[in-house]
Amino acid sequence: NMNDLTDLKDDIVAYLFIVPSATAYEIAEDFEWDLDDVQDSLIELDDEGKVLMRNGWYRLSEFSRKRKHLQDSNNSIK
């Protein structure tokens, strides 16, 4: 079930706001998650354009950063 990774993906995006770049292994270690689940989540995030991967290191895409910025400014208006 693909939806099982939704929470994992949200947590990875949040994590990559704090840690500029990380490997799948580091993310799995930090959260004590299954490495396969983390890798599957990162592949989906990459396909969705939310993260970028270079030489095994993942970081947030500009798309994710802009989206977060919009969420933050929406939250401050309320």
Side-chain angles (χ1 to χ4, degrees):
N1 187 343
M2 298 302 250
N3 292 337
D4 292 346
L5 296 175
T6 303
D7 289 345
L8 204 61
K9 284 158 59 177
D10 289 345
D11 285 344
I12 290 170
V13 169
Y15 175 86
L16 289 172
F17 270 102
I18 301 159
V19 178
S21 65
T23 63
Y25 179 76
E26 286 177 322
I27 294 168
E29 284 278 291
D30 278 354
F31 284 102
E32 297 181 356
W33 286 332
D34 183 73
L35 182 59
D36 289 339
D37 287 346
V38 170
Q39 285 174 325
D40 289 347
S41 298
L42 285 164
I43 289 164
E44 285 187 25
L45 287 166
D46 195 7
D47 289 345
E48 292 164 14
K50 292 176 183 170
V51 302
L52 304 171
M53 195 269 278
R54 181 168 293 165
N55 301 326
W57 290 82
Y58 290 88
R59 62 187 175 86
L60 286 186
S61 66
E62 283 304 308
F63 169 78
S64 289
R65 294 191 175 282
K66 287 195 176 81
R67 197 157 152 252
K68 176 76 160 72
H69 181 69
L70 287 173
Q71 284 172 345
D72 287 347
S73 40
N74 287 343
N75 290 342
S76 62
I77 292 163
K78 286 171 191 154

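Heavy atoms only: backbone and side chains are in, while hydrogens, waters and symmetry mates are out.
Taking a 6.0 Å sphere around OH of Tyr25, one finds it holds 12 or fewer heavy atoms contributed by other residues, nucleotides or ligands. No more than 12 heavy atoms of other residues, nucleotides or ligands lie within 6.0 Å of CZ in Arg67, so this atom counts as exposed by the packing criterion.
Side-chain contact between Lys50 and Tyr58: absent, with no pair of heavy atoms (C-beta onward) separated by less than 4.5 Å. The shortest distance between side-chain heavy atoms of Ile12 and Trp33 falls below 4.5 Å. At least one side-chain heavy atom of Glu48 sits under 4.5 Å from a side-chain heavy atom of Lys9. In this structure, Leu45 and Leu16 have side chains that are not in contact, with every pair of non-hydrogen atoms separated by 4.5 Å or more.
For the pair Glu26 and Ser21, the tightest heavy-atom approach, listed with the atom from each and the gap, is OE1-O, 4.5 Å. In terms of heavy-atom proximity, Ala24 sits nearest to Gln39 at CB-CG, 3.7 Å. Minimum interatomic distance between Ser61 and Gly49 (heavy atoms only, all atoms of both residues): OG-O, 2.6 Å.
Under a hydrophobic clustering in which Ile, Leu, Val, Met, Phe, Trp and Tyr are joined whenever their side-chain heavy atoms come within less than 4.5 Å, directly or via other members, Leu35 and Ile43 fall into different clusters. The hydrophobic cluster containing Leu60 also contains Phe31, counting ILVMFWY residues as joined when their side-chain heavy atoms lie under 4.5 angstrom apart, directly or transitively.
Between Tyr15 atom OH and Ile27 atom CD1 the span is 6.0 Å, to the nearest 0.5 Å. The structure places OG of Ser41 at 4.0 Å from CG of Leu5, a figure rounded to the nearest 0.5 Å. The OG1 atom of Thr23 sits 11.0 Å away from the CE atom of Met53 when rounded to the nearest 0.5 Å. Between Leu52 atom CG and Leu42 atom CG the span is 11.5 Å, to the nearest 0.5 Å.
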